[in-house]
Amino acid sequence: MDKLKARSDHPLDALLRTDRIPHIWCSGCGIGTVFASCLVAMQTSGIDLNKTAMVSGIGCSGRGAGYIKLDSYHTTHGRAIPFATGMKLANPELNVVVFSGDGDLFAIGGNHFIHAARRNVELTVICVNNLNYGMTGGQAAATTPCMAKTPTTPLGNPETPFNLPLLAYASGASYVARWTILHTRDLTKSIEEALTRRGFSFIEVLAPCPTGYGRRNKEKPLDSLRLYQERTVIKNGADPSDVILDYQQGITLGKFIDHERPTFLDSYDKTCRINF
Amino acid sequence: MNAAVLTGEHFMTGDVACAEGALAAGCRFFGGYPITPATEIAERMADRLPCVGGIYIQMEDEIASMAAVLGASCAGVKSMTATSGPGFSLMMENLGLGLVTETPCVVVNVQRAGPSTGLPTLGAQGDMMQARWGSHGHYEIIALAPASPQEMFYHTIMAFNLSETYRLPVLVMADEVTGHLSEKVVIPEPGAIKLKNRPKAKGRKDRFKPFQAGPNGVAPMAIAGEGYGIHVTGLTHDERGYPVMTEGAQEEMMHRIVAKIRDNLDDIIQTESYRMDDAEIAIISYGVSSRSSLAAVDEAREQGIKAGLLRLITVWPFPEQLVNKLADRVRALVTVEINLGQIHLEVQRSAAGKVPVHLVGHTGGTVISPDTIVEKLREIRSTHG
Ligand SMILES: Cc1ncc(C[n+]2csc(CCOP(=O)(O)OP(=O)(O)O)c2C)c(N)n1
Ligand code: SF4
Ligand SMILES: [Mg+2]
């Protein structure tokens with residue numbers, strides 16, 4: 001009996017709302033792996049978990065906030081970052097982690113992303129990039145590769161996707177990395193670093209969405225993992241304008257930016273609170 | 001700028017008085033985006049918040065402003081934003097998030113004439129129904145209507161107190177004229193202003209249910225970082241805050257958040273009566289239009305018309321019972337507002353056909369002159385005797 005119980009215990013149980021399991025994620029979905037890495041990193045980073053909040057937007061990835069047993073806020077589509085910004089500025093003691101999807105953070109929420117990065121608000125933003133809007137059925141997102149088939153691009157996507165690390169860097173993020181769910185050790189280490197960095201940290205994680213994206217683009221979950229293994233090169237410190245994400249040419253992974261600069265609150269204190 | 005909260009007599013605009021009211025109420029976070037005629041509130045807050053240990057942030061738009069205000073409130077700080085029509089429209093989705101997650105905060109709308117960009121520098125009262133129903137779904141809301149800089153000060157405090165007591169976003173529905181008008185504002189000593197704070201979470205942290213109603217129907221609020229490990233979502237949720245996708249859960253949650261307002265109407269609704277004792281025609285008005293109405297009542301009385309004024313301080317929830325009873329003792333009702341009949345619809349509904357209900361209104365850009373109202377009163381007297 002004890003053995004059985006021991007086997008059913010999960011090392012992350014302390015951080016999981018186990019009373020909400022089973023979760024909604026499909027089998028073969030990559031979100032759970034990113035989520036688990038995030039929880040492990042939270043545990044190993046040594047941050048005060050009672051002073052840590054997770055904020056999500058809307059989408060399959062946005063359900064992350066619903067499964068973590070910490071203060072967690074599941075907000076509106078695209079608005080996790082401004083909500084998190086208010087939270088961090090109101091109580092600078094909080095560690096605020098944004099966990100959300102590519103559609104949420106870069107289509108409807110793209111404007112908030114660039115401004116929070118520009119201001120260098122001390123947030124850790126983890127983006128599960130599954131190249132589409134998983135939750136609403138696999139439609140094209142701002143990250144969908146050109147020519148990919150989705151229900152709203154039945155003949156192929158005519159648009160060009162964002163290069164997220166480049167966008168984050170150009171906007172002013174002080175920590176920028178890209179990993180895949182195959183690279184969980186690197187990913188976990190990266191999240192751990194990001195959690196302890198001051199300033200705006202951004203980590204993009206490539207993850208399969210077999211239901212929304214894979215099915216229409218002849219990519220089973222294992223095929224995605226194979227791509228993550230065969231087509232990726234790790235180039236830590238690479239110039240963000242050289243980090244490609246192209247299944248044919250290759251995918252650059254690594255930690256690209258790790259550069260401290262004054263945060264929003266540092267500057268606010270120095271500029272606006274001088275006389276008080 | 002002076003480090004302390006102001007006291008004493010000042011000559012200031014409604015917008016500035018609103019900011020001072022917010023500070024006196026304990027507001028320490030402002031997230032906003034400039035827009036005429038509400039910009040001066042943001043400017044005053046940018047200047048004054050650092051003096052009192054607060055923080056001002058100019059967000060990238062009003063969607064972000066509303067989101068940031070909710071985030072700050074969830075982290076335990078009294079928070080507000082101020083805007084006008086176009087920005088108010090952008091805030092609607094997150095206003096709904098605030099309502100369903102029961103997050104206290106204050107949203108000021110210094111109304112200008114719309115729709116769309118409309119008349120940016122000229123006043124109106126055209127967003128009153130948007131204030132009531134602008135976010136999707138069916139809910140209750142609280143909205144106040146200040147008529148002077150002094151009231152911009154007090155109504156902002158009242159708005160914070162109501163938002164903290166009942167845990168919801170409260171709207172201050174001002175207008176361009178009141179926002180830009182300069183008048184004397186008397187600010188009492190801090191101790192003389194009664195402040196309310198949200199009910200605090202207590203008890204065992206692992207057993208705490210963040211959406212379990214307390215005695216007045218309002219759930220105590222745990223804030224981020226207190227160690228309760230709460231989950232808060234815009235999805236339909238149960239007492240634990242967990243999403244439950246059923247009709248039953250929707251019914252239970254909605255019933256509770258609607259009831260906390262409907263069961264406390266006596267505490268929430270405030271109105272003022274002027275020369276109503278023997279009135280035969282009652283004007284119902286609010287905000288800047290109630291000032292024109294007041295002058296009109298005096299002028300009409302001079303002319304032998306027994307007019308009176310019911311001034312709405314709380315516009316939402318609408319004082320339905322009061323207006324219904326009023327309809328029993330007057331011969332006619334007149335709504336005076338700067339739109340083509342919004343609160344007028346509520347007056348008609350509440351009067352339930354007992355007496356004729358007239359409207360004095362226009363589409364915005366200027367105040368309603370007392371003469372226009374008196375003319376209407378004369379016309380009513382000649383038709384209804
Ligand atoms: C304002 C608004 N517009 C549209 C939607 C519908 N919607 C829900 S999730 C979603 C896309 C989510 O995509 P992403 O962030 O990539 O998350 P994923 O499901 O792929 O993890 C959309 C469009 C919504 N909830 N709110
Ligand atoms: S639809 Fe896609 S993203 Fe959503 S849970 Fe399923 S596999 Fe994951
Ligand atoms: Mg996605």
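These numbers were taken from a predicted model, which means no experiment stands behind them. Every chain is numbered from 1, with letters handed out A, B, ... down the list of sequences.
- Within 6.0 Å of atom OH in Tyr169(A), 12 or fewer heavy atoms from other residues, nucleotides or ligands are found, so the atom counts as exposed in its surroundings.
- Rounding to the nearest 0.5 Å places CG of Asn50(A) at 7.0 Å from NZ of Lys205(B).
- With Tyr73(A) as the fixed residue, the side-chain contact (heavy atoms from CB on, under 4.5 Å) test singles out one of Thr103(B), Thr233(B), Ile230(B): Ile230(B).
- When each of Leu89(A), Asn91(A), Ile58(A) is checked for heavy-atom pairs under 4.5 Å with chain B, Leu89(A) comes out on top.
- In this structure, chain A has no heavy atom under 4.5 Å from any part of Arg28(B).
- When each of His115(A), Met54(A), Arg119(A) is checked for heavy-atom pairs under 4.5 Å with chain B, Arg119(A) comes out on top.
- Among Glu93(A), Lys51(A), His112(A), the residue making the largest number of heavy-atom pairs under 4.5 Å with chain B is His112(A).
- Sparse packing is recorded around OH of Tyr33(B), with 12 or fewer heavy atoms of other residues, nucleotides or ligands lying under 6.0 Å away.
- Within 6.0 Å of CD in Gln139(A) there are more than 12 heavy atoms belonging to other residues, nucleotides or ligands.
- Among the candidates Ser56(A), Ser72(A), Ala80(A), Ala90(A), the residue making the largest number of heavy-atom pairs closer than 4.5 Å to chain B is Ser72(A).
- Contacts between Arg118(A) and chain B at a heavy-atom distance below 4.5 Å are absent for every atom of the residue.
- Atom CZ of Phe162(A) has 12 or fewer heavy atoms from other residues, nucleotides or ligands within 6.0 Å.
- Residue contact with chain B, scored on non-hydrogen atoms closer than 4.5 Å, involves the backbone and the side chain of Ala65(A) alike.
- Few gaps surround CD on Gln250(B); more than 12 heavy atoms of other groups in view lie less than 6.0 Å from it.
- Ranked by heavy-atom pairs shorter than 4.5 Å toward chain A, the options Ala64(B), Gly76(B), Ala67(B) are led by Ala67(B).
- Shown here is Lys200(B), whose NZ atom has no more than 12 heavy atoms of other residues, nucleotides or ligands within 6.0 Å.
- Per-residue heavy-atom pair counts under 4.5 Å with chain A were compared for Ala68(B), Gly31(B), Gly234(B), and the maximum is reached by Ala68(B).
- Taking chain A as the reference chain and counting heavy-atom pairs below 4.5 Å, the highest number among Val69(B), Leu70(B), Ile55(B) is found for Ile55(B).
- Note: Glu93(B) CD to Thr76(A) OG1 = 4.5 Å, rounded to the nearest 0.5 Å.
- Here the CZ atom belonging to Phe113(A) is positioned 12.0 Å from the CD atom belonging to Glu60(B), to the nearest 0.5 angstrom.
- The two residues Ala75(B) and Leu94(A) have their closest heavy-atom pair at CB-CD1, 4.1 Å.
- The nearest pair of heavy atoms linking Arg17(A) to Gly229(B) is NH2-O, 2.9 Å.
- Taking 4.5 Å as the limit, some side-chain heavy atom of Arg63(A) sits within range of a side-chain heavy atom of Leu235(B).
- Contact between Glu226(B) and Asp71(A) at its shortest, heavy atoms only, is N-OD2, 4.2 Å.
- Highest contact tally toward chain A, considering only Thr101(B), Ile223(B), Asn94(B), is held by Asn94(B) [criterion: heavy-atom pairs under 4.5 Å].
- Of all heavy-atom pairs between Phe264(A) and Tyr56(B), the closest is CZ-O, 4.2 Å.
- Across all their heavy atoms, Phe29(B) and Gly86(A) have their closest contact at CZ-CA, 3.9 Å.
- Residue contact with chain B, scored on non-hydrogen atoms closer than 4.5 Å, involves the side chain of Thr85(A) exclusively.
- Heavy atoms of other residues, nucleotides or ligands lying less than 6.0 angstrom from CD of Gln212(B) number more than 12.
- Residues Pro50(B) and Arg273(A) come closest through the heavy atom pair CB-CG, 4.1 Å.
- Counting only heavy atoms from C-beta outward, the side chains of Leu97(B) and Arg79(A) never approach each other to under 4.5 Å.
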